[in-house]
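Here's the structure we're looking at; comments come further down.
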There are 2 protein chains.
Amino acid sequence: MYSRGMGNHQNDGTAIGTPPSSTQERLVTSARELLWERGYVGTSPKAILQHAGVGQGSMYHHFAGKSDLALAAIRRTAEDMRTATDEILSAPGTAYDRVAAYLLREREVLRGCPIGRMTQDRDVVQDPALRAPLDAMFDWLRRRIAEVLAEGQRRGELAAGLDPAATAASVAAVVQGGYVLARAAEDPAPFDAAVHGLLALLATHATPPPPVAP
Amino acid sequence: MYSRGMGNHQNDGTAIGTPPSSTQERLVTSARELLWERGYVGTSPKAILQHAGVGQGSMYHHFAGKSDLALAAIRRTAEDMRTATDEILSAPGTAYDRVAAYLLREREVLRGCPIGRMTQDRDVVQDPALRAPLDAMFDWLRRRIAEVLAEGQRRGELAAGLDPAATAASVAAVVQGGYVLARAAEDPAPFDAAVHGLLALLATHATPPPPVAP
DNA sequence: GTCTATATAATGATAGAC
DNA sequence: GTCTATCATTATATAGAC
C-alpha cells in the first residue's frame, strides 16, 4: 500500500536526503516502471495512479491523458539511458575496450531494455510523438558507437576495413536481440553468449589483440 | 466484412484449390495474425472472432479461452518458422553461405519476428505454457546455427578459433535486435546495417574469403 | 491541486437458444 | 457446433466537490 493524503509527510522511498517528489514526479516515475514491466498497452492509467499513490484527478491535472504521461516517461528514460551510455563510451581506453565496456555493462537482462521494449508496442510506434524519442535514442546510440569505432581506426587500434556504421548497428542489435533470447529462455545466458560472440569477432580486428574476453 | 452463417460457402481467401478452412483453423490463423501485429495483451478475443468471422461461442467451444487459443497460434507459428529456417540452413554451400542466406533472407522487417515479439509480452513470458514454444524455438535456432558453424570448422571453411555457440547466439541476436532498431526508426535500414556488419566480421574468418556481401 | 463519483466503451467469459 | 444475449470487471476519461 502507498500512503495517501498525508500532506508533506509523503516520500518516494528514495535515499535519505532526496527531496520529496512532487505528485508530477511520482507519476512519471511510476509510469516509467510500469511501462518497462508491462508495456504501453498493458499499462492502465489506474495502475499508474495506484502505484504512485495519487487519486484519479491528479493525473489529468498534470497530463492530458495516458499518452501524454507516457511521453514524459519515455523521454525521461531515454535521457537517463543516453547519459549513462555516453559515460561508458566516453571513458578512456581503446575503441575495443569502450565497446566491450558497453556490451559487458551490468544489466538487468531479464527485464530487457525499457526503450527497446516500446518498439514492440503498436500504439507507441504508430504515434509519431511517442516513437520520436525511441528513434532519437537508437539513432544516437548507433552514431556514438560508430564514432568510437572510427576513432579507433584513426588511432590504428582497429582494422581500417571495418565499416563503423554497420558494425555499430551490429553492436546495438546484439544487445537488443540478446534481451529477446534471454527472455525467451528466462535465463541471461543467451544474452551473454551473444555479447561474447560479437566481442570475439571484433577482437580479431583490434591491434594489439585485447585479452580474451572474461 | 466477413461472411457469416453461409454454411459450406465460407472460404478463407487463400489460393484456389485450398480446401475451405474449418472454424477452428480460421480462429488459429486470425489469432496468429493479430498476435503478430498487436501482441498478446493487445489482442482481444473479440478482435480475433471478428477477424475470423465467427460468433462469440465458437471460440469457447474449440478453445478453453484466450490463452489456449494463443498457445495453439504460437505453436503453429513457431513450427512454420522452424521449417522455413531449417530449409535455408540445410541448403548446400559453405557455412558462411548458409548463415548469410539466413541473415539476408527476405523479411518483413518492420513487422518484426512473430515469435520474438511474444518475449516482450509479460503475460506470455510469465505463463510457462506460453513461453515454452518461444524457448524451444530460439534454443533450436541457436543450436542449428551452431551446428552449421561447427560443420564449417570441420570442413576447414571457418577459423577453428570461433566459438560456434556464442557466434550462433550473436547471429540470432542481430536478427532480433535488428527488428527493434528498424521499428524504432520506422525504416529497415538499421536492420540491414546490423546484418551486414556481422557478416563482414564473420567473413574475415572464412576461408576462402567470400565475396563482399551485397 | 487533489480528491471522489460517475460515464462510456471494451474485455474476457458464461448461459442457453437453435 | 454455432449463434446471440448477458455479465462482472477493467480501461480511459470527465465532472465537480473540497
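Below, all heavy atoms of this structure are taken into account, side chains as well, without hydrogens, waters or symmetry copies. Lettering follows sequence order; numbering is per chain, from 1.
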Evaluate side chain to side chain contact (heavy atoms under 4.5 Å, CB included) for B/Glu33 paired with B/Trp36, printing each intermediate quantity in order.
-> CA-CA 5 Å; B/Glu33 291 175 8; B/Trp36 191 2; 5.8 Å; no

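- With rounding to whole Å, A/Arg38 atom CZ is found 13 Å from D/dA11 atom C1'.
- Using modelled atom types, one finds a donor on one side chain and an acceptor on the other under 3.5 Å when comparing A/Ser90 with A/Arg144.
- Taking the side chain of B/Val54 as heavy atoms from C-beta on, and the options D/dT2, D/dC3, D/dA13, the nearest nucleotide is D/dC3.
- Taking the ring centre of B/Tyr40 as origin, the terminal cationic atom of B/Lys66 falls inside the region bounded by 6.0 Å and 45° from the ring axis.
- We find that NE2 of B/His61 is positioned 5 Å from C1' of D/dG1, with the value rounded to whole Å.
- Rounded to whole Å, the distance from CG on A/Leu27 to C1' on C/dG1 is 12 Å.
- Straight-line distance from the NZ atom of B/Lys46 to the P atom of C/dA10: 6 Å, rounded to whole Å.
- Separating the CG atom of A/Leu49 from the P atom of D/dA13 is a distance of 11 Å, rounded to the nearest angstrom.
- In this structure, CD of B/Glu25 is placed 16 Å from C1' of D/dG1, rounded to the nearest angstrom.
- When each of B/Gly57 and B/Lys66 is assigned the nucleotide of DNA chain C with its nearest heavy atom, B/Lys66 is the one assigned upstream, toward the 5' end.
- No hydrogens or angles considered: nothing links the side chains of A/Arg38 and A/Thr43 as a donor-acceptor pair under 3.5 Å.
- Each of B/Leu181, B/Val109, B/Leu110 was evaluated against B/Phe191; a single residue qualifies, B/Val109, per the side-chain contact (heavy atoms from CB on, under 4.5 Å) test.
- Where A/Met59 and B/Ser58 meet DNA chain D, the nucleotide closest to each residue was compared, and B/Ser58 sits on the side nearer the 5' end.
- Between C/dA13, D/dT12, C/dT11, one nucleotide has an atom nearer to the side chain of B/Tyr60 than all others, and that is C/dA13.
- Listed pair A/Thr23 / C/dG1 fails the phosphate criterion, with no side-chain N or O lying under 4.0 Å from OP1 or OP2.
- The interatomic distance linking B/Gln50 (CD) with C/dA10 (P) rounds to 10 Å, in whole Å.
- The distance from atom CZ of B/Phe63 to atom C1' of C/dG12 is 16 Å, rounded to the nearest whole Å.
- Within the nucleic acid shown, A/Ser67 has no heavy atom closer than 4.0 Å to any nucleic acid atom.
- The side chain of B/Pro45 has C/dG12 as its nearest neighbour among D/dG1, C/dG1, C/dG12.
- Proximity of A/His62 to the phosphate of C/dT2: a side-chain N or O atom is located under 4.0 Å from OP1 or OP2.
- Here the side chain of A/Gln56 is nearest to one of C/dT4, C/dG12, C/dT2, namely C/dT4.
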